[in-house]
Amino acid sequence: MLAIANWKMKLDVLQSVALAQAMVKSARHLPQGTEVVLCPTFLSLAHVAAAVKGSTLRLGAQDCFWETQGAFTGEVSPADLRQLDCQYVILGHSERREHMQETDGQVHRKLEAALRTGLTPVLCIGENYQERSGSQKDYVLIRQLQAALQGVTLGPDDRLVVAYEPVWAISTGGTGIEATPDEVQYASEVIRHIIIDLYGAAVLQRSVQIVYGGSVNPSNVASFTQLPTLHGVLVGSASLDAATFLAVISAALNPMPSRTTDRSNTVI
Ligand code: 13P
């Protein structure tokens, strides 16, 4: 189970380090197979890297540039992220697509650079409220995924995480509507179909994980992580406090018995 914390720009450096230290203490007790990834701001990364060193916690960045070196004032190289022990990088988050006008083409270039550098991209895709109301959801998922992955090969050592994050379900700036497990299941099946189209079922099974993000909290997380096609969650607000984030992880790991927990990536 993958639990990725996106702290966005909500914590300063000291708060980020304190939260990372609190998470390190509790992460000792997490069962094997649980991968917890902390994604602080760029400025906090080196400090959080020091705080999580030697623990099972993983580090991720919230973005990176599509070149590794050169005259690109203000940008952050994926190679530098690797130097800081980052293993993951969130790419194409809807907040970047909206506020920084990030395009599908730019997300594609960033994803290629991330893979080339040995980072695991957490590629965010998802429709906004208007697109959902206009029955454009499938179209948006197909467009964003195909554009990001066009011409990209996934070798045996590459890993890709696709995060389905419907913009309307994100707690801040969202609509207050929560996605239902059925909607998330449907979207993850669309994603699986596209990946199988692009790479085949074997690569899907070997290299690709699908997570859900959007108002995930301790009460609803199990309804998502029990879905047969999901591998985990991408958490915003509920990851900003150690006790709450641990409650999310613990509820995902110990769901109330109801639905199946088969995550075998069965071919559809
Ligand atoms: P929330 O969990 O606050 O809805 O944020 C989701 C998100 O955008 C994670 O990337």
Side-chain angles (χ1 to χ4, degrees), residues 1-11 15-16 19 23 35-42 44-45 48 58-64 86-100 102 107 110-111 114 119-129 131-132 137 140-141 144-145 148 160-181 183-184 187-188 191 209-225 227 230-252:
M1 205 273 300
L2 194 53
I4 307 171
N6 179 6
W7 293 347
K8 307 193 178 184
M9 203 180 72
K10 294 190 171 184
L11 302 175
Q15 290 169 327
S16 301
L19 179 50
M23 288 298 303
E35 182 124 326
V36 178
V37 185
L38 308 181
C39 302
T41 61
F42 285 134
S44 304
L45 265 173
V48 172
R58 305 280 178 235
L59 199 60
Q62 298 177 17
D63 186 34
C64 72
C86 255
Q87 293 186 8
Y88 291 83
V89 59
I90 297 173
L91 293 176
H93 193 282
S94 59
E95 286 150 15
R96 295 201 59 81
R97 294 181 193 259
E98 183 189 344
H99 303 303
M100 267 58 83
E102 210 164 275
V107 174
K110 290 179 175 193
L111 186 134
L119 291 163
T120 297
V122 180
L123 170 64
C124 297
I125 59 170
E127 78 286 0
N128 65 29
Y129 186 71
E131 289 160 343
R132 179 196 194 217
K137 173 181 174 157
V140 173
L141 296 183
Q144 291 181 338
L145 204 46
L160 169 69
V161 178
V162 180
Y164 173 54
E165 284 219 319
V167 183
W168 49 269
I170 293 176
S171 66
T172 45
T175 54
I177 311 171
E178 276 189 22
T180 65
E183 284 175 291
V184 175
S188 59
I191 292 166
Q209 289 174 298
I210 301 173
V211 300
Y212 170 70
S215 301
V216 171
N217 60 47
S219 315
N220 65 15
V221 65
S223 70
F224 301 121
T225 49
L227 295 171
L230 269 206
H231 301 82
V233 280
L234 174 55
V235 187
S237 305
S239 72
L240 298 173
D241 166 78
T244 312
F245 190 40
L246 287 161
V248 167
I249 297 165
S250 148

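Both counts, for ligands and for their atoms, begin at 1 and track the order of listing. None of the values given here were measured: they were computed from a predicted structure.
With hydrogens left out, the protein atom closest to atom 3 (O) of ligand 1 is Ser171 OG, 2.5 Å, a heavy atom. Nearest non-hydrogen protein atom to atom 2 (O) of ligand 1 is Gly236 N, 2.9 Å.
The backbone N or O of Gly126 lies less than 3.5 Å from a partner atom in the side chain of Gln144, making a donor-acceptor pair. For Asn220 (side chain) and Ser215 (main-chain N/O), a donor-acceptor pair under 3.5 Å exists by modelled atom type. With hydrogens and angles ignored, the 3.5 Å screen pairs a side-chain donor or acceptor of Gln62 with a backbone N or O of Pro40.
Proximity to His93 (heavy-atom distance under 4.0 Å) selects the following atoms of ligand 1: 7 (C), 8 (O), 9 (C), 10 (O). Near Ser237, meaning under 4.0 Å from any of its heavy atoms, are these atoms of ligand 1: 1 (P), 2 (O), 3 (O). Close contacts of ligand 1 with Glu165, meaning ligand atoms under 4.0 Å from a residue heavy atom, involve 6 (C), 7 (C), 8 (O), 9 (C), 10 (O). Heavy-atom proximity to Leu234, at under 4.0 Å, picks out these atoms of ligand 1: 9 (C), 10 (O). Close contacts between ligand 1 and Gly214 involve ligand atoms 4 (O) [criterion: under 4.0 Å to a heavy atom]. Which parts of ligand 1 touch Lys8 is read off a 4.0 Å heavy-atom cut-off, strictly below it: atoms 5 (O), 6 (C), 7 (C), 8 (O).
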**Message:** Between Phe245 and Leu38, is the side-chain contact (heavy atoms from CB on, under 4.5 Å) condition met? List the steps.
**Reply:** CA-CA 11 Å; Phe245 190 40; Leu38 308 181; 4.3 Å; yes

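Using 4.0 Å as the threshold, Thr172 has no heavy atom nearer than that to any atom of ligand 1. Between Ser215 and ligand 1 there is a heavy-atom distance shorter than 4.0 Å. Contact between Ala238 and ligand 1 is absent, with no heavy atom of the residue lying under 4.0 Å from the ligand.
Both the backbone and the side chain of Ile170 come within contact range of ligand 1, each with a heavy atom under 4.0 Å.
Contact record, Ile191 with Tyr164: CD1-CB, 3.9 Å, taken as the closest heavy-atom pair. The two residues Ser171 and Ser237 come nearest to each other via the heavy atoms OG-OG, 2.8 Å.
Salt bridge status for Glu95 with Lys8: present, with a side-chain N to carboxylate O gap under 4.0 Å.
For Trp168 and Glu131, the side-chain atoms include no donor-acceptor pair closer than 3.5 Å.
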